[in-house]
Amino acid sequence: MDKFYAYMDRMKYIKRWQLMRSVREENIMEHSQSVAVLAHALAAIENGVYGGKLDVQKIVFYALYHEVSEVMTGDLPTPVKYFNQGIHGEYEKLETLAVEKIADTLPAEMKGELYPYLQADKTSEEYKYVKAADKLSAYIKCLEELRSGNNEFVQAERTIGETLRELKMRAVDYFFERFIPAFSLTLDELEGL
């Protein structure tokens, strides 16, 4: 019996933002889809607008699977994960082991196709876009919560916005300028009613 996709399906049970009160809960399955869409957008901007040569498929698949380890580890809140270098280093080892265990549930004939995306090359240019998309997804979540009147996300929105600006990535800046303003619109405003 092959269990890989049953593990993937369990991503919907792992909640994000556990230390904060949210108006709408978010799980790692929907977060992964959001990051994949945003990473694709950033790659399309870099390649289409600025003439880059990014491997878009690699970026989207890295993004799609970037939270796989959390099926086993859960979502460790950012303040805990980055409390000190020792904790962060040990947690990275735990994440790697969790991904290995999940990857081992794939049939041998499929593992070669999926494994490179499960254990992403974190030093690659492509992975840099996934990390930016991950932050962008968190920023958009903050905007959603703030728009719903939840002031719990005020500081997170500031901090994540600052982090995104500090990246100095032209694709991120372009996305902020062109797309972020629409996230404050209602459905009627989006449809021009």
Side-chain angles (χ1 to χ4, degrees), residues 1-18 24-78 80-82 87-141 160 163-164 167 169 171-172 175 179:
M1 173 174 27
D2 298 312
K3 301 174 184 173
F4 179 80
Y5 290 103
Y7 274 118
M8 294 303 93
D9 191 58
R10 297 190 68 77
M11 292 174 81
K12 64 188 170 200
Y13 301 124
I14 311 299
K15 294 188 180 8
R16 290 178 45 82
W17 303 95
Q18 295 175 45
R24 189 186 71 75
E25 288 187 348
E26 180 182 39
N27 63 56
I28 64 169
M29 182 181 274
E30 63 188 315
H31 168 70
S32 295
Q33 191 270 347
S34 169
V35 173
V37 169
L38 293 169
H40 186 224
L42 294 178
I45 292 165
E46 183 60 33
N47 287 352
V49 176
Y50 299 112
K53 302 288 185 227
L54 296 170
D55 182 336
V56 176
Q57 177 177 309
K58 188 182 282 187
I59 289 171
V60 172
F61 285 155
Y62 278 173
L64 190 60
Y65 293 110
H66 83 284
E67 300 286 25
V68 165
S69 66
E70 292 186 4
V71 171
M72 293 194 162
T73 67
D75 181 35
L76 189 64
T78 298
V80 177
K81 190 186 239 181
Y82 296 99
I87 289 174
H88 182 64
E90 291 304 312
Y91 190 70
E92 280 186 337
K93 290 178 192 172
L94 181 60
E95 287 178 318
T96 299
L97 290 171
V99 171
E100 291 296 326
K101 184 170 175 145
I102 293 168
D104 285 344
T105 67
L106 279 163
E109 59 273 16
M110 289 178 66
K111 192 172 180 180
E113 288 292 319
L114 274 79
Y115 187 79
Y117 304 115
L118 300 176
Q119 289 288 20
D121 175 3
K122 294 182 178 178
T123 64
S124 69
E125 184 69 10
E126 284 80 9
Y127 196 73
K128 183 172 115 178
Y129 284 79
V130 175
K131 291 308 291 176
D134 193 26
K135 291 287 182 202
L136 197 51
S137 177
Y139 184 79
I140 292 167
K141 168 65 174 168
I160 296 167
T163 300
L164 284 162
L167 292 175
M169 292 175 67
V172 171
F175 191 93
F179 296 103

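Because only heavy atoms are used, hydrogens play no part in the values below, and waters and symmetry mates are left out as well, while side chains stay in.
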If I take atom [atom1] from residue [X] and atom [atom2] from residue [Y], how far apart are they, to the nearest 0.5 angstrom?
| X | Y | atom1 | atom2 | result |
| --- | --- | --- | --- | --- |
| M72 | L94 | CE | CG | 10.0 Å |
| I45 | L38 | CD1 | CG | 9.5 Å |
| H31 | R16 | NE2 | CZ | 3.5 Å |
| K141 | L136 | NZ | CG | 15.0 Å |
| L114 | M8 | CG | CE | 9.0 Å |
| I14 | T73 | CD1 | OG1 | 8.0 Å |

Would you say [X] and [Y] make side-chain contact, with heavy atoms under 4.5 Å?
| X | Y | result |
| --- | --- | --- |
| D121 | Y127 | no |
| M11 | E67 | yes |
| V130 | V60 | no |
| V99 | Y65 | no |
| Q119 | E95 | no |
| S124 | Y62 | yes |
| L118 | E100 | no |
| L167 | K128 | no |

>> Does M29 form a side-chain contact (heavy atoms from CB on, under 4.5 Å) with Y13? I'd like the steps, not just the answer.
In response: CA-CA 8 Å; M29 182 181 274; Y13 301 124; over 6 Å; no
State, to 0.1 Å, how close [X] and [Y] come at their nearest heavy-atom pair, and which atoms those are.
| X | Y | value |
| --- | --- | --- |
| E30 | E25 | OE2-O, 3.7 Å |
| A39 | A133 | N-CB, 3.4 Å |
| A132 | V172 | CB-CG2, 3.9 Å |

> Please, which pairs that meet side-chain hydrogen bond (donor to acceptor under 3.5 Å, both in side chains) have at least one residue in residues 35-48, sequence neighbours excluded?
Replying inline: E46-Y129, E46-R170
> Does a side-chain N-to-carboxylate-O contact under 4.0 Å join E92 and K122?
Replying inline: no
May I have the list of side-chain donor-acceptor pairs in residues 104-113 shorter than 3.5 Å, sequence neighbours left out?
unit_1	atom_1	unit_2	atom_2	d
D104	OD1	K111	NZ	2.6
T105	OG1	F4	N	3.2
T105	OG1	I102	O	2.5

>> Counting only heavy atoms from other residues, nucleotides and ligands, does the tally under 6.0 Å from OH of Y50 exceed 12?
In response: yes
> Would you say the side-chain atoms of E126 pair up with the backbone N or O of D55, donor to acceptor, closer than 3.5 Å?
Replying inline: yes
>> Quick one: does any side-chain atom of S32 pair with a main-chain N or O of I28 as donor and acceptor, under 3.5 Å?
In response: yes
> Going through the checks in order, is the side chain to side chain donor-acceptor pair (under 3.5 Å) test met by Y117 and Q57?
Replying inline: CA-CA 10 Å; Y117 304 115; Q57 177 177 309; 3.2 Å; yes
